[in-house]
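What follows is one structure encoded as structure tokens, with my remarks underneath.
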Amino acid sequence: MSEEARGVVAEVLAKGEVDGVLGLREDEGAVGPHYFRKGDDLDSLVLSPKYALPLVLRWFRLHSPDTRVGAVLRGCEERALVELSKRRQVDLEMIEVIGLACTAEEAKECGCVNGSPTNVMIGTPTEGLPERREFLALPDADDGARLDYWKAQYSKCIKCYGCKNVCPVCACEVCMMADHGWVRGGSLPPKFATFHLIKAYHMADRCIECRECEAACPVSIPLTEMYGRLLRDVERRFDYVTGADPEQRPPLLTTLMDEPILEEEEEGGG
Amino acid sequence: MTEDEWEPKILVFCCNWCSYAGADLAGVARLQMPTHFRVLRVMCSGRFKPEYAFKAMEQGIDGVFVLGCHIGDCHYLEGNHRAKKRFEVLEDMMVHLGVEPGRIKIDWVSASEGVRFQAVITEFVAHIKELGPSPLGGGR
Amino acid sequence: MEYKSVLTTCPYCGCGCNMFLQVIDGHLVGTLPSKTHEISRGSLCIKGWNSHEWVESPDRLRTPLIRGEDGELHPASWDEALDLIGSRLQAIIDDHGGDAVGLLSSARCTNEENYLMQKLARAVVGTNNIDHCARLCHASTVAGLAGTLGSGAMTNSTPDIPLADCILVTGSNTVEQHPLIGSRVILAKERGAKLIVVDPRETPLSTMADIWLHQRPGTDVAWLNAMMHVILREGLEDSEFIEARTEGFEEMRPVLDRYTPQVSEEITGIPAAELEAAARMYASADKGCILYSMGITQHTNGTDNVKSVANLALLTGNMGRKGTGVNPLRGQNNVQGACDMGALYNVFPGYQKVADEAARAKFDEAWGVTCSDVTGLTVVEMMHAAHDGKMKGMLILGENPMLSDPDINHVREALSTLDLLVVIDIFLSETAAMADIVLPAASWAEREGTFTATDRRVQRIRKAIEPVGESRPDWRIICDIAGRLGAEGFDFQSPVHIMEEVVTVTPQYGGIDYERLEEGGLQWPCPSPDHPGTPILHVDKFTRGLGLFSAVEHQEPNELPDDEYPMTLTTGRMMFHYHTGTQTRRTPALDQEVPTGYVELNPEDAKRLGVNDGQMVEVKSRRGKIHIPAEVTEKVQPGVVFIPFHFAECAANLLTNPALDPVAKIPEFKVCAVSVEPVKGGA
């Protein structure tokens, strides 16, 4: 598939409508993000592992808002852009999405229900799984057992903030997780459970299930287990699906009748 | 502290324009109520954030009650809409976490509803007493 | 728009995580962990994630500084500064000899720079007075493990720690000090490995351990001996291994016989039954892995402690296999490499002894000089020599002894006595502020080179942005100083060329070159270009041949509590700051976590002293006193207080005891006697 991708990226660069294309490169014994320009050798372009490219696109917008770029993005990454756009963190007009379809195996491994990006240019479009992956690890039965489970999981936390740092849709200017009013500074592990619940609550109407947070967690806390459940709740209660429609307003920013709330929306806030 | 000595600690967030006045009215009328709650006046129920509930329970609060104007009567038009929607997500979170969702509640009390204030508070305190100490209290 | 994602190695601890620095239009905008790297695996700790934040700080030194007649430091040109260093250093060498000069190298700098510093000392200045802060952290490891195993480094690799069935962590707050190793211990424990923590202080790992023993500080030999006593009593030793691979067992045995769990309990305070349980747990594991750090090394008997740890692993055959070993966790990004490169008073690169005539001859030939056979001075000894007026000049590269060394008041007096103090650093540290000449160095994000991680993993760092201001890479500065002293053999054009020289004289690095490192790290020993590197040491035989048991006796710390100073102070680090804080305290994300120091005080002591949480107290030792807020916590045992040493305004090292281990010359940072009382009028 990498070969196909090189062809597609070369074409996009040749057309000259973008300054460059953000993708992944294998070099110096590692794979990481890379910005390909017209005329660059594309042999080093690869497609995995996934990196949080929407995060890089946010940095692009912050430092060079007038540069139009292309980006090789998977379905979840495209959905991240949609959420960021709702919160005015990226300008979708300035990003040409070169859709990359995950393989069926990749989708299965991720437990992805959402499937391919809208404009698949690399690979063959795949459907997401029919249902969200089973949350096997979390005992559904008993309150006490669930609470014990989360206490054990969250107590592993080493407070690296990786889940926040890597999150493509975490965009508040001042993070409540790092605010002493909410979470005491310096405590390790952070006291159960405000630190993690702030993040979880903020994910309820914006998580796009890329699972980058879990990939960044050095102690394997099953973060999306909580986020995914909240997404289901939000979908059920408010008929809202994250990352689908840039025009649909997040339900926590509308009235009970889904009308916009008449106030200046907090930058990135929820 | 033994189980017998335990008395619930409850926070009640009252909006400035309706519920706080309702609470005041209940007080002035000397309506009998349990004494296990502390009222925090906020300008609007929409000022309440679910994060307050996490923080309160982390610090040993057993129940959080939010009171605002009735839907349609919000001084800021839609603040209570926002509170209501946030609360639904918060309740779901409590369930997933394994904490009884009954420990948090939202309701509406107008400035003239002193009696209603007495009724909802009495019921909430009784419910928290039934649930016992919060499993999040003093957690680490 | 120019965007670069530059692969490099984290500048903080010895884990050796790899990350991509995110650069837009020549400025650092973020950090992403490498997902394909064996150590980081897509993760970093809070320090790594924010390592870009301080690089372009307005506080960075941007020009050389020379102290003028008004006593202030003034900006100067590179030529002025270098010429002045050259002439004044030469004058000291001419008048007093090379041994009147001391050089401190830096475990924060690259292998190439450390190599050059010791070469500058030995081949140009003509002295073995070269040392660095490894003296203050793992000197006892280098001495102790070299003696017992033949190699003073971590025996195993970070990735194989989770393969252990039982992990014994002692004197290491692994989660906070080596987060990506600590996280592996947490994951191993979650998967069912047994975890034993022996530490006087509560740590994130001790709270999840199967067994946590909290000994009285400074009594490690006693519990280690008693553990071995129990293992032998119950026949849990690996006799086959002892027979085939070790020597000295019979000589050690009578000593162990005396250390019953009851004897240990009297010395250490660890209940005998708990110690027995821990001994059984470790000894009955198929793969037992020991992680240790400064709780073991920073004692006046640090070398003995290390030997004792090695004894325990040898006794149970936990060597040379995956998931086993004796694993000293090295504190700094390149403290392993700085030692490997011979930035130590007694060894050339590759631990070739200065006292060894053949080794000297080898370096004489390589460098075209005659190396001094006079034993050099260590960090603390240099300060004494300066204090006594015997040392006239010091060149300090990227170190901050004014905060990191014991008994800072003494250090200040020593440094102010010098005729010439030159400091090369990225910020005006407490030490640089005392210098006659300060040279601005390029940071790790602004230069090329290699770091060697704690598991002997040599890895590249890469230049992401141009050096700020007029700052220059350390290797270039050292070469320029050597040039001003008229030396030859320092005309390197880049770190690649320096490494080419390193490999010719350092057997362990013989097969390392930049081209190979482009494919990822290499673990030494890597003696030849076709050698794949060595993830596990001592597989079939020990570096010294047989593993050597050493009979070791308990010995009390140098300074014990008494009526005047009734409490024991132990010092250390924390997750959110790093060493003397020059970088982390200029990192908003870290500063906001912990803005200043504190003293941990047990609630029992706090009550007795009438101290509330957050209240200012005065902590006093024979050497100094500080005012510092109290943190009342059960993390410390009654009678013991803990202070992190990062904070200049309440510096733990004003209090610490400079008493040295006689072999390794490491100071006893982990135990000294102090008094604590509330500050009058303190809130």
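A, B, ... follow the sequence lines: proteins, then strands. Residue 1 opens every chain.
Scanning both residues, A:C207 and A:Y227, for their nearest heavy atoms gives SG-CB, 4.0 Å.
Of the listed residues (A:L256, A:V234, A:D148), the greatest number of heavy-atom pairs within a distance under 4.5 Å of chain B belongs to A:L256.
A:S187 does not touch chain B: none of its heavy atoms, backbone or side chain, sits under 4.5 Å away. Contact of B:Y52 with chain A is made through backbone and side chain together, with heavy-atom distances under 4.5 Å. When heavy atoms are compared at a cutoff of 4.5 Å, B:K85 approaches chain A by way of both its backbone and its side chain.
For a heavy-atom cut-off of 4.5 Å, chain A lies close to B:L97, B:G98, B:V99, B:E100 in residues 97-124 of chain B. Contacts from residues 30-46 of chain B to chain A, taken as heavy-atom pairs separated by less than 4.5 Å, involve no residues at all.
Salt-bridge annotation for A:E83 and A:R79: absent, with no side-chain N of the basic residue lying under 4.0 Å from a carboxylate O of the acidic one.
Ring-centre distance between A:F195 and A:Y154: not below the 6.0 Å cut-off.
Side chains of B:N80 and B:H70: no donor on one and acceptor on the other come within 3.5 Å. If you check the side chains of A:T255 and B:E78, you find no donor sitting under 3.5 Å from an acceptor. Under the 3.5 Å distance criterion, with hydrogens and angles disregarded, no donor-acceptor pair is assigned to the side chains of A:E214 and A:S220.
Of the options A:R236, A:R229, A:R237, a side-chain hydrogen bond (donor to acceptor under 3.5 Å, both in side chains) to A:D233 is made by A:R236 and by none of the others.
When atom types are taken as modelled, the side chain of A:E212 and the backbone of A:C167 share no donor-acceptor pair closer than 3.5 angstrom.
Annotation: side-chain hydrogen bond (donor to acceptor under 3.5 Å, both in side chains) contacts of A:S85 (sequence neighbours excluded): none. In terms of the side-chain hydrogen bond (donor to acceptor under 3.5 Å, both in side chains) criterion, residue partners of A:Y161 (sequence neighbours excluded) are, by chain and number, C:E593.
No more than 12 heavy-atom neighbours from other residues, nucleotides or ligands sit within 6.0 angstrom of CZ on B:R47.
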